[in-house]
Structures are given as structure tokens and as C-alpha cells.
Amino acid sequence: HAKADGRGTFRFFEPAMDEQLHARRLLEADLRKAMANGEFELHYQPQINLKANEITGFETLLRWHHPERGPIPPSEFIPVAEDTGLLSTLGEWILEQACREAAGWPRNIHVAVNLSPVQFRSRGLVQSVSRALAVSGLAPERLELEITESVLLQDNEATLSMLHQLRRLGVRIAMDDFGTGYSSLSYLRSFPFDKIKIDQSFVREMSQRADCAAIVQSVASLGANLGMPTVAEGIETEDQLRRIEAAGCTDAQGYYFGRPRPARDLVHTLAALRQPTEVA
Ligand code: C2E
Ligand code: MG
Ligand code: MG
Ligand code: MG
């Protein structure tokens, strides 16, 4: 309870802040143990080429199943992993695991892996990627790395040089959550991405807001002019699908096509994909 003395206001806020800090420390401690306890799992969400109406690849999405709290969303624990340095180990595990899993998929199917800006700040990223490719035997062109504009905000030569080194390994680079950061256009000039992913916030509001529809359309034609495929994220309805197709997006991803699932649940989906090539 706040007291009527000079420090009252501080006292009023203290317990809440203490609690937040405490919760954060607990999460940190649990995260440290999670890796060793095998509490992380990778889920994969299909990406669809609209022209062929076929799955072309899957995006890897990290899941943490906390022993007491159950599933905890990446938005809650990834920032903590980034701040505590845990993400470097975790990031290497994700890369290697995703590449190993994808190596068993049909050869025309790619796997996309999200990279945190923190991974770009450490020197070892290029080495981690090439090691993951080597141990898994996955062809480099089947690995796609998703980065956000915040990676390029760190700007500088070092980041660009890393992107070029990754490209030289033969992997593809996709710009994720396009449109949510700053100066997106200048980034497209400083580095040639292989793909642009339009953030789901624009897709979600396309039907209600003309400006969002206009943005999606502009990005799609920008992509077309630069020779970059454009993926619309977060497609949940047929109406949204029709709108992004009309806008000129080349690819799509979202619950409408499939939710992120563990690799073992993809067996039938992958078998169905494999069929046409084997029959032919
Ligand atoms: P993102 O890379 O933009 O991933 C797309 C997010 O949208 C995922 O959330 C996915 O589950 C969700 N999503 C897909 N389709 C739909 C849809 O139709 N509707 C809605 N409402 N959502 C959809 P998720 O898995 O919670 O991941 C959130 C963010 O956490 C990711 O955004 C990414 O930035 C980060 N993240 C996830 N996994 C990893 C990882 O392995 N490494 C790193 N560094 N970051 C990751
Ligand atoms: Mg992504
Ligand atoms: Mg995204
Ligand atoms: Mg995102």
C-alpha cells in the first residue's frame, strides 16, 4: 500500500517491478535448463507457390514446452534468450536440427530458418550455417535464412559482408516482416534479397483498409520489378487469399494452408508431395 510520505509513490510501484524482475529471472533460469532437458521442438509451416498451387517449402518455428507452464510463445522467450546470450547455442541447434530434418524431405522442398539480429552480431554465424549444411548434407540452395530489417539497422560493413558470405555458401536470404521497419527501400538496394515476406499485419487489414491493400500491391509490384518473389504472411481466409493474389503476390503462408506442425506430423503431407515426381 502506498504511504502518504515522500517515498509513497516509489513503494507503490516497487512490488510490481520486483515481480516482473523475478518472473524474468525464473524464465532465464528455466531457459538455461530447457536446452539440456530437450524442451525445445521445431515446428514447420508450409509455404505455397500461388501459380503452381503447391507447397515449395516450410518455415521453421521454434516451440518451447515448459515443464510446468506448458507452451510459451517465442515472442516471450526469444527476447530473453537474446539478452542472456543463450540464443547463440539455441540458434546453432535450430539451424542444425532444421537442416537435418529437411535433408530427408523431397529435393525440391526448401526449409526456411529465422535468424535473430543477435546471431549477426557474433562472428560465428557463417561458420554455424556452413557446419549445419555439412553435417546434414542438405544442399545449400534448399536453405533459406529469414532476416528482419533490424539486422540491417546494425548496418555497417560487417553485416553486409556476412550476408554476402552467406550468399556465397549458396543459401538464400529472405527479408521477413517487410514493411514494419524503417527505410525498407534502401535496404533492398544495399542487399539483393532472394525473397520478400510481407508482414501479416498488412494482410490482416487488407479487407477493411484500402491503404493496407495498396501497400501489399506496391510491395508485390516492387518485388516483380526487382525479380524477387513476394510471400504474403498470415493468410487465414479465402478472401485474404483472393486479395493477395489480385495484388500480385507470388507466394503465401498462413493458417489457411496449414499451421506450424512438428516434423512427425508432416509425413503424409511430404509423401503426397513426393508422389508426382516418383510417378513421372
Ligand atoms: P515470423 O518469423 O514472422 O513467423 C511468423 C509467425 O506468424 C509465427 O509465429 C507463425 O506461427 C505465425 N503465423 C503463421 N501463419 C499465421 C496466420 O495465418 N495467422 C496468425 N495470426 N499467425 C500466423 P510464432 O511461431 O509465434 O513466431 C513469432 C516470431 O518469433 C517469428 O515471426 C520470429 O520472429 C520469431 N521466431 C520463431 N521461431 C524462431 C526461431 O527459430 N529463431 C528465431 N531467431 N526467431 C524465431
Ligand atoms: Mg519468419
Ligand atoms: Mg514474418
Ligand atoms: Mg514476425
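Because the structure is predicted, anything quoted here is derived from the model rather than measured. Counting starts at 1 for both ligands and their atoms, in listed order.
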Report, as yes or no, whether the 6.0 Å neighbourhood of atom CD on Gln127 holds more than 12 heavy atoms from other residues, nucleotides or ligands.
no

Assign the ring pair Phe40 / Trp64 to parallel, tilted or perpendicular, where the plane angle (0 to 90°) is split at 30° and 60°.
tilted

Among the N, O or S atoms that Asp176 has, which is closest to the Mg ion (ligand 3)?
OD1

Can you list the steps and then say if Glu59 with Asn114 is a side chain to side chain donor-acceptor pair (under 3.5 Å)?
CA-CA 8 Å; Glu59 177 178 2; Asn114 290 288; 2.8 Å; yes

Please work out whether any backbone atom (N, CA, C, O) or any side-chain heavy atom from C-beta onward of Val113 is under 4.0 Å from ligand 1, and answer side chain, backbone, both or neither.
neither

Of all N/O/S atoms in Glu59, which lies nearest to the Mg ion (ligand 2)?
OE2

Would you mind checking if Glu144 and Lys197 are paired as a salt bridge, meaning a charged N to carboxylate O distance below 4.0 Å?
no

Output, in order, the C-alpha distance, side-chain angles, deciding distance and verdict of salt bridge (Lys or Arg N to Asp or Glu O under 4.0 Å) for Arg243 and Glu238.
CA-CA 9 Å; Arg243 285 174 195 275; Glu238 202 174 327; over 6 Å; no

What atoms in ligand 1 come closer than 4.0 Å to a heavy atom of Ile94?
41 (O)

Any Arg204 heavy atom less than 4.0 Å from ligand 1
no

Min heavy-atom dist Gly234 to ligand 1 below 4.0 Å
yes

Ring pair (Phe, Tyr, Trp, His ring centres under 6.0 Å): pairs with one or both residues in residues 88-145, sequence neighbours excluded
Tyr44-Trp105, Phe58-Trp105

Check residues 205-214 and write down every donor-acceptor pair under 3.5 Å in which the side-chain atom is one partner and the other belongs to a residue at least two apart or another chain.
from	atom 1	to	atom 2	distance (Å)
Glu205	OE1	Arg209	NH1	3.2
Arg209	NE	Asp211	OD1	3.1
Arg209	NH2	Asp211	OD2	2.6

Taking 4.0 Å as the limit for heavy-atom contacts, which would you say applies to Ile78 with ligand 1: side chain only, backbone only, both, or neither?
side chain

Filtering Asp199, Leu87, Leu61, Asp176 for the heavy atom nearest atom 10 (C) of ligand 1 leaves Leu61

For ligand 1, is there an N or O atom under 3.5 Å from any N or O atom of Asn114?
yes

Is atom CZ of Arg32 surrounded by more than 12 heavy atoms (other residues, nucleotides or ligands) closer than 6.0 Å?
yes

Quick one: which ligand 1 atoms are inside 4.0 Å of a heavy atom on Glu236?
17 (C), 18 (O), 19 (N), 20 (C), 21 (N)

Rounded to 10°, the OE1/Glu146 to the Mg ion (ligand 2) to OD1/Asn114 angle comes out at 90°

Does the side chain of Glu68 pick up a donor-acceptor pair with the side chain of His66 at under 3.5 Å?
no

Residue Arg63 vicinity, atoms of ligand 1 by number, heavy atom under 4.0 Å
11 (O), 24 (P), 25 (O)

Within ligand 1, which atoms have a heavy atom of Glu59 less than 4.0 Å away?
1 (P), 2 (O), 4 (O)

Atom indices of ligand 1, in the order listed, that fall short of 4.0 Å to a heavy atom of Ser116
44 (N)

Can you find an N or O of Gln119 that's nearer than 3.5 Å to an N or O of ligand 1?
no

Could you grab the angle centred on the Mg ion (ligand 3), going from OD1 in Asp177 to OE1 in Glu233, to 10°?
140°

Proximal candidate to atom 12 (C) of ligand 1 [heavy atom criterion; set Arg259, Gln200, Lys197]:
Gln200

Contact check, Pro260 vs ligand 1, heavy-atom distance below 4.0 Å:
yes

Please confirm whether His43 comes under 4.0 Å of ligand 1, counting heavy atoms of the residue only.
no

Salt bridge check, Asp83 against Arg24: does any charged N sit closer than 4.0 Å to a carboxylate O?
yes

So which bit of Asp177 gets within less than 4.0 Å of ligand 1, heavy atoms only: side chain, backbone, both or neither?
side chain

Would you tell me whether Thr56 and Gln47 have side-chain atoms, one donor and one acceptor, within less than 3.5 Å of each other?
no

Between Ser201 and Asp199, a side-chain donor and acceptor under 3.5 Å
yes

Can you sort out which atoms of ligand 1 are near Gln45, meaning under 4.0 Å from one of its heavy atoms?
14 (C), 15 (N)

Taking all atoms of both residues into account, what is the closest heavy-atom pair of Ala220 and Cys249, and its distance?
CB-N, 3.8 Å

